[in-house]
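For ligands, and for the atoms within them, numbers begin at 1 and follow the listed sequence.
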Amino acid sequence: MDKILIVDDENDIVENLVDYLQAKGFATVTARNGEEALRLTKQEFPDLILMDITMPIMDGIETTRLIRSCPESAEVPILLLTALNGSEKKVNALAVGANDYITKPFHEPELLARVQAFLRTKTLHDKLKASYKKLEEMEKIKDFLIQSIIHDLRNPLTTFHGSVQLLIENLNDPSHPYSQDEVRRLLSKAAVSAQEEMRLIQNILDVHKLEDNRLELNRSKVDFNALIESCASAFETQSQAKRVSLRKELNPNLPDLALDEELMQRVIKNLIGNALKFTPEGGSMTVRSNIFDQELSCEVADSGAGIPEKDLDKIFEKFFQSGDQTSKRRGYGLGLTFCQLAVQAHGGKIWAENIQGTGAKLKFTLPIQ
Ligand SMILES: Nc1ncnc2c1ncn2[C@@H]1O[C@H](COP(=O)(O)OP(=O)(O)OP(=O)(O)O)[C@@H](O)[C@H]1O
Ligand SMILES: [Mg+2]
C-alpha cells in the first residue's frame with residue numbers, strides 16, 4: 001500500500017485529504033509544518049508527499065529544498081498545494097525540486113489522478129534503479145569471472161605443458177632415459193590436464209547454448225551401464241593417485257534409452273569429477289544406476305564433507321561454489337549448471353542430498369519413453 005505524507009497547517013484540509021485518500025486505498029501520515037514533515041520523511045519513507053506551500057515555522061519551498069538535499073528522499077515525488085495565484089512561488093516550488101503544484105481549492109479527482117500518475121512514475125523509477133544496480137553488480141561479477149576463468153584455464157594448461165616439456169627434454173638427453181613407468185605417468189598427467197581443460201571449455205560453451213535452447217539433442221540408443229563404466233574408467237588414474245575407491249552398483253536390467261550420449265557422458269563425468277575433487281584421500285565413491293516407476297536413476301555418492309544444507313539447491317546455479325573457495329578455486333562452478341541443463345533437456349531432474357555423516361549424493365532421473 002502506498003504511503004502519502006500530507007503536510008498542511010489547516011486542519012480541515014488535512015482531515016479531508018486523509019479521509020479521501022484512505023478511502024482510495026492509500027496509507028497516510030500527517031504533519032502540520034515543514035519541520036515535522038522533514039522528520040517524518042526520514043522516519044516513514046513516504047512514497048509521495050502532498051504539501052502546502054504557505055506554512056508557519058518552515059514553508060513548503062524550504063522544506064522541499066531540504067528533502068531534496070537528503071540522498072534518501074531526493075527522489076520522492078512532491079506535490080505542492082498552493083492557494084496563490086501568483087506564479088512566482090510556483091516557479092520557486094518547481095525550481096527547488098517539487099514535481100508539480102496543485103492550486104487550492106482543488107478538485108479531488110484531479111488531485112487523485114496526479115497522485116496516481118506520480119506514484120506510477122515512482123514505481124517505474126524504482127524498478128529501473130533496482131535493475132541498474134543489479135546490472136552494475138553483474139558487471140562486477142562478470143569482470144571477476146573473466147579474470148578467474150582465464151586464471152583457471154591456465155592451470156591445466158601449465159601442467160600439460162610442463163609434462164610434455166619434461167618428456168621432450170628427456171628425449172633430447174639420451175644419457176638418462178625415463179623408464180616406461182615414468183613416461184606413462186607424465187603422459188597420463190598431460191592427458192588428465194588436457195581432459196580437464198576440455199571439460200571446462202565445453203561446459204562454458206554448452207551452458208550458454210543450452211540456456212539459449214540452441215543445443216539440439218543428438219539422441220541414439222544408449223546402454224546406460226556401459227556409459228557409466230566408460231566414464232568411471234576415465235577417472236581410474238586420478239582416483240588411484242588419490243587412493244579413492246570407485247565402486248559401481250549397476251542394475252543389470254536397464255532398458256536402452258534414446259539419449260544424447262555425448263552430453264550424458266559429460267554429466268556423469270562432471271558428477272564423478274566433483275565427487276573425486278571433494279573427497280579427501282583414502283575416501284570412496286559409488287556410482288549407482290537403477291530403474292523405478294518408469295524412470296531411470298543414476299547417483300554418484302561420495303565420502304567427502306557433503307554440501308551445506310542451505311546450498312543444496314544453489315549449487316546448480318551458474319558460477320556458484322559453496323564455502324569460501326576464493327583462495328583455492330578450482331573450476332568455475334559451471335559443472336552442475338551444465339548437468340542440470342543437460343538433464344532437463346532430456347526431460348529429467350537432478351538434485352543433491354547429504355548422506356548422514358558420510359558425504360554428498362548427486363542424483364538424477366531420466367524418463368523412460
Ligand atoms: N560431491 C560434492 N561434495 C561436496 N560439494 C560439492 C560436490 N559437488 C558439488 N559440490 C559443491 O557445488 C559447487 C558447484 O559444483 P560445480 O560442479 O557446478 O562447480 P565446480 O566443481 O566448483 O567447478 P567446475 O565444475 O566448473 O569445474 C562446488 O564448488 C562445491 O561447492
Ligand atoms: Mg564441478
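When all heavy atoms of G335 and R199 are compared, the pair lying nearest together is CA-NH1, 4.4 Å. Contact record, K349 with V343: N-CG1, 3.4 Å, taken as the closest heavy-atom pair.
Of the polar atoms of T337, none of the N or O atoms is found under 3.5 Å from an N or O of ligand 1, judged by distance alone. At under 3.5 Å, not a single nitrogen or oxygen of A360, backbone or side chain, sits near a nitrogen or oxygen of ligand 1.
Ion pair D2/K122 not flagged as a salt bridge, since none of the NZ, NE, NH1 or NH2 atoms sits closer than 4.0 Å to an Asp/Glu carboxylate oxygen. Checked for salt-bridge contact, K363 and E353 miss the test: no charged N lies under 4.0 Å from a carboxylate O.
For atom 2 (C) of ligand 1, the choice among F278, F319, F338 with the nearest heavy atom turns out to be F278. The heavy atom nearest to atom 12 (O) of ligand 1, out of those in L271, N274, N354, I315, is found in I315.
Those atoms of ligand 1 with a heavy atom of D302 less than 4.0 angstrom away are 1 (N), 2 (C), 3 (N). Against a heavy-atom cut-off of under 4.0 Å, R199 is close to the following atoms of ligand 1: 24 (P), 25 (O), 27 (O). In summary, the atoms of ligand 1 found under 4.0 Å from a heavy atom of G335, numbered by their order in the structure, are 16 (P), 17 (O), 18 (O), 24 (P), 25 (O), 26 (O). Each of the following atoms of ligand 1 lies closer than 4.0 Å to a heavy atom of K277: 20 (P), 21 (O), 22 (O), 23 (O), 27 (O).
One hydrophobic cluster, built from ILVMFWY side chains closer than 4.5 Å, cannot hold both V14 and I49; they sit in different ones. Both L250 and F364 are part of a single hydrophobic cluster, where members link through side-chain heavy atoms under 4.5 Å apart.
Summarising the local packing, NZ of K189 is surrounded by 12 or fewer heavy atoms from other residues, nucleotides or ligands at distances under 6.0 Å. Shown here is Q180, whose CD atom has no more than 12 heavy atoms of other residues, nucleotides or ligands within 6.0 Å. Residue K3 places its NZ atom among more than 12 non-hydrogen atoms of other residues, nucleotides or ligands, all under 6.0 Å distant.
The proximity of S322 to ligand 1, defined as any non-hydrogen pair under 4.0 Å, involves the side chain as well as the backbone. When heavy-atom distances to ligand 1 are checked against a 4.0 Å cut-off, N203 has no atom that comes that close, whether in backbone or side chain. Of all the heavy atoms of F320, the ones lying under 4.0 Å from any atom of ligand 1 belong exclusively to the backbone. Under 4.0 Å from ligand 1, the heavy atoms of L200 that appear belong solely to its side chain.
Here N270 does not reach the Mg ion (ligand 2): none of its N/O/S atoms is less than 2.8 Å from the metal.
Distances shorter than 4.0 angstrom occur between a heavy atom of G306 and an atom of ligand 1. Heavy atoms of G304 come nearer than 4.0 angstrom to ligand 1 in no pair at all.
Contact of the H346 side chain with the L259 side chain is registered, since non-hydrogen atoms from C-beta on lie closer than 4.5 Å.
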